[in-house]
Amino acid sequence: MQVHVADHPLISHKLSVLRDETTPSPVFRALTSELVTLLAYEATRHIRVEDHQITTPVTTTTGKKLAKPRPVVVPILRAGLGMLEGMTQLLPSAEVGFLGMVRDEKTLQPSVYAERLPEDLSDRQVFILDPMLATGGSLLQAINYVFDKGATEVTAVCLLGAPEGLAALEEATKGRNVTIVLGALDEKLNEHGFIVPGLGDAGDRLYGTVG
Ligand code: PRP
């Protein structure tokens with residue numbers, strides 16, 4: 001498993017505003033989008049391209065275009081939906097699939113409640129979007145889901161991660177082509193499975209169900 005933790009002052013700045021409990025939902029949504037676009041730049045570093053003949057006003061030359069089959073972007077509902085627009089701004093031709101998952105507040109076990117993915121993901125590059133990597137249970141289940149459908153290469157984009165979740169994922173995805181791109185790696189999980197210092201419940205903060 002490869003892990004990239006963003007190291008850019010603009011990302012740190014925007015994340016600090018997201019973490020602030022007084023940041024209202026509309027600002028939270030806008031910043032999430034901006035952050036994802038910045039992280040997507042790193043996440044798509046190895047996206048497959050192919051040669052493409054083009055004619056400029058001066059001459060003909062060989063350029064690049066995204067290779068077929070198209071990449072697939074999979075936001076994990078609910079909170080991952082807040083990351084979709086930021087990702088598709090950078091990757092407008094990607095196909096989009098959806099996975100709805102919820103984590104039981106007591107057991108912290110994730111379960112899938114909705115799925116709309118392409119039937120066959122063979123040879124597709126898959127980008128999973130979920131703002132929080134806490135215990136890693138949700139992301140692992142999502143990764144397994146897309147591998148079961150034939151994907152061979154998965155990149156997850158998360159705003160925040162906890163070391164415990166990252167270690168669990170590392171162990172569980174051994175031998176598979178998995179990359180995790182994080183806006184920041186936080187300190188730890190608390191006894192409720194929340195990332196510390198974190199930003200609270202991303203889904204609630206995105207969709208205004210807090211306060
Ligand atoms: C949150 C978050 C992740 C998951 C992370 O979702 O968006 O999907 O928990 O936790 P884990 O790494 O321990 O599995 P939640 O279950 O709160 O659902 P929501 O997106 O609908 O808010």
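Just so you know, these numbers come straight off a predicted model, no measurement behind them. Remember, it's 1-based here, ligands and their atoms both numbered in the order they're listed.
Residues that satisfy the side-chain hydrogen bond (donor to acceptor under 3.5 Å, both in side chains) test with Arg70, not counting sequence neighbours, are absent from this structure.
Remark: Lys149 engages Glu119 in a salt bridge, criterion side-chain N to carboxylate O under 4.0 Å.
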Using a 3.5 Å cut-off on N/O to N/O, what pairs does ligand 1 make with the protein? A line per pair would be great.
residue: ligand 1; atom: 7 (O); partner: Asp130; partner atom: OD1; Å: 3.0
residue: ligand 1; atom: 8 (O); partner: Asp130; partner atom: OD1; Å: 3.3
residue: ligand 1; atom: 8 (O); partner: Asp130; partner atom: OD2; Å: 2.5
residue: ligand 1; atom: 10 (O); partner: Arg103; partner atom: NH1; Å: 3.4
residue: ligand 1; atom: 12 (O); partner: Ala134; partner atom: N; Å: 2.9
residue: ligand 1; atom: 12 (O); partner: Thr135; partner atom: N; Å: 3.1
residue: ligand 1; atom: 12 (O); partner: Gly136; partner atom: N; Å: 2.8
residue: ligand 1; atom: 13 (O); partner: Arg103; partner atom: NH1; Å: 2.7
residue: ligand 1; atom: 13 (O); partner: Thr135; partner atom: N; Å: 2.8
residue: ligand 1; atom: 13 (O); partner: Thr135; partner atom: OG1; Å: 2.5
residue: ligand 1; atom: 14 (O); partner: Ser138; partner atom: N; Å: 2.8
residue: ligand 1; atom: 14 (O); partner: Ser138; partner atom: OG; Å: 2.6
residue: ligand 1; atom: 16 (O); partner: Arg103; partner atom: N; Å: 2.8
residue: ligand 1; atom: 20 (O); partner: Arg78; partner atom: N; Å: 3.2
residue: ligand 1; atom: 20 (O); partner: Ala79; partner atom: N; Å: 2.9
residue: ligand 1; atom: 21 (O); partner: Arg78; partner atom: N; Å: 3.4
residue: ligand 1; atom: 21 (O); partner: Arg78; partner atom: NE; Å: 3.1
residue: ligand 1; atom: 22 (O); partner: Arg78; partner atom: NE; Å: 3.3
residue: ligand 1; atom: 22 (O); partner: Arg78; partner atom: NH2; Å: 2.9

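Residue pairs that meet the salt bridge (Lys or Arg N to Asp or Glu O under 4.0 Å) test with at least one member in residues 51-69, sequence neighbours left out, are Asp51-Lys64. Evaluation of the side chain to side chain donor-acceptor pair (under 3.5 Å) test over residues 120-131, restricted to residues two or more places apart or in two chains, returns Glu95-Arg124, Asp120-Ser122, Gln125-Glu153.
Thr37 and Leu90 get closest at one heavy-atom pair: O-CD2, 4.1 Å.
A 6.0 Å sphere centred on CD of Glu21 holds no more than 12 heavy atoms belonging to other residues, nucleotides or ligands.
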